[in-house]
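What follows is a set of notes on a single structure, which appears directly below.
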There are 2 protein chains.
Amino acid sequence: MELFQKIKDKYPYLPEDRILDVLSLGEIVMLNVGDIFIKEGEKTSKAGLVIEGMMRNYIVNDNGEEVTVVFATEMQPSVPYSSFFLGRAASETTAAVEPTILFVMDFLAFKSRSKSDLLYARLYADLLEEGYLAAIERIEDFTRTKPEQRYQRLLDTRGFLIERAPLKYLASYLGITPVSLSRIRKRVSQNR
Amino acid sequence: MELFQKIKDKYPYLPEDRILDVLSLGEIVMLNVGDIFIKEGEKTSKAGLVIEGMMRNYIVNDNGEEVTVVFATEMQPSVPYSSFFLGRAASETTAAVEPTILFVMDFLAFKSRSKSDLLYARLYADLLEEGYLAAIERIEDFTRTKPEQRYQRLLDTRGFLIERAPLKYLASYLGITPVSLSRIRKRVSQNR
DNA sequence: ATCGCTAATTATCTTTTGTAAAGTGCTTTC
DNA sequence: GAAAGCACTTTACAAAAGATAATTAGCGAT
């Protein structure tokens, strides 16, 4: 199976039996555009891994607008973070941006294995490190640059997001309004 | 020793011998205001844990201005994240905001233990989860709110930072200029 | 107490963003 | 094929933030 190979490539220290075990913990789920995987307020231990497509986590702000906090593409986790880490109901909604193939497994089953199996512990630490680092870079971006520069950087480093995600999601992801992003786009395209 | 007790309180699953072992990995360092713990570009495996005082991580933006990415206060880690996770030179500088008592230990020694000791693995995962969650909340803040609301929220949730850190550090932490933060402060104090 | 340095505030002006509303283009649907 | 829905753009105006410079406040050293 292709997923098996992808996991093997990304985490080469995992013996095949562990990969098979991880795969046995979950199942493949197909989502259409807009389908919700986990809804805010839900208390769940379901974790998603994007095999193909794109997911996003969003919250709803004081004005009732959806604010996209993070996108997940191929081989990236799509999970209700605060729910897992705090054992609370999900504070974010997780939904498909594109038709998406998701590998869904039980996080608690995985985490409980990580408490008795060093390889799982290492895998979990790697996953956390990867996500944490991406979050820090995102914060650096917010503190260091202005919206226009953020758009430019996104264009340079993860341009595929701009091609694949609707502009209104991107806008809140960049911390601005769709109107403002539209203006930025115009300025940037007139390269100045 | 007080640090022993604090670790014991925060990570109750750690047996005393592990705590003592952790403590044996490091030493206490005293820093004065402005003292640099780890400098950008340095390749180090030193990790700090704030016992008393305050540290900050900062980067330098395109205009040569310092941008504070994160503060660390009591029992929070003060470390060069990207350096640890990627094995590269530090991309951030870590320095004392207040006179600070820092417990300094070797991250690699700790991490290597976490690869053979489940309790260390769990401790490491807990540390990562804590930091990751804080980072996500920070991102939610940037995407969801305007500078003035961010200041308000900071005032509500971590007001002590505002009392203890210079405004110029807080400004970049909030992603704005010191001048702008000064104006926000004025608006907020005139409660409207 | 004064000097000197830095931080914080204030003032002015420019640029950008937010907000609301209208317009454009494309797809869906009955 | 007209209407409705949606995403994106555009416009107009108000509010906020950036840039810069000048002023004031705070603080340690002499």
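First the proteins, then the strands, lettered A, B, ... as listed; each starts at 1. Values reported hereafter were calculated over all heavy atoms of this structure, with side chains retained and with hydrogens, waters and symmetry mates removed.
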> Under a 4.5 Å side-chain heavy-atom rule over Ile, Leu, Val, Met, Phe, Trp and Tyr, are B:L133 and A:I38 clustered together?
Replying inline: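 The answer is no; the residues belong to distinct hydrophobic clusters.
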Taking [atom1] from [X] and [atom2] from [N], how many angstroms apart are they, rounded to a whole number?
X: A:R164; N: D:dA7; atom1: CZ; atom2: P; result: 19 Å
X: A:N61; N: C:dG18; atom1: CG; atom2: P; result: 12 Å
X: A:K168; N: D:dA7; atom1: NZ; atom2: C1'; result: 7 Å
X: B:D62; N: D:dG18; atom1: CG; atom2: C1'; result: 15 Å
X: A:F142; N: C:dT17; atom1: CZ; atom2: P; result: 13 Å
X: A:E66; N: D:dA7; atom1: CD; atom2: C1'; result: 14 Å
X: B:E65; N: D:dG18; atom1: CD; atom2: C1'; result: 11 Å
X: A:I176; N: D:dG18; atom1: CD1; atom2: C1'; result: 16 Å

Phosphate OP1/OP2 of [N]: any [X] side-chain N/O under 4.0 Å:
X: A:K186; N: D:dT9; value: no
X: B:T177; N: D:dA17; value: no
X: B:R187; N: D:dA17; value: yes
X: B:R185; N: C:dT9; value: yes
X: A:K146; N: D:dA16; value: no
X: B:S180; N: D:dG18; value: yes
X: B:S182; N: C:dA8; value: no

> Is there a donor-acceptor pair under 3.5 Å between the side chain of A:R150 and the backbone N or O of A:L174?
Replying inline: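 Indeed, once roles are kept as given, a pair shorter than 3.5 Å links the two residues.
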>> For the backbone of B:L167 and the side chain of B:R185, can you confirm whether one donor and one acceptor N or O come within less than 3.5 Å of each other?
In response: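 Checking the backbone N and O of B:L167 against the side chain of B:R185, no donor-acceptor pair under 3.5 Å is found.
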>> Given the ring of B:Y173, does B:R138 sit roughly above its face, with NZ or CZ under 6.0 Å from the centre of the six-membered ring and within 45° of the axis?
In response: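 Output yes; distance and angle both within limits.
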>> Need one value for B:L181: base, sugar-phosphate or nothing, where a base atom within 4.0 Å counts as base even if backbone is also close, heavy atoms only.
In response: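 If one applies the 4.0 Å heavy-atom cut-off, B:L181 turns out to touch nothing in the nucleic acid.
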>> Need one value for B:P178: base, sugar-phosphate or nothing, where a base atom within 4.0 Å counts as base even if backbone is also close, heavy atoms only.
In response: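 Contact class for B:P178: none.
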> Between D:dA7, C:dA11, D:dT11, which one does the side chain of A:R183 approach most closely?
Replying inline: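 Minimum distance to the A:R183 side chain belongs to D:dT11.
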> Is the shortest distance from a Lys or Arg side-chain nitrogen in A:K39 or A:E92 to a carboxylate oxygen in the other one below 4.0 Å?
Replying inline: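 The answer is no: the pair does not qualify as a salt bridge.
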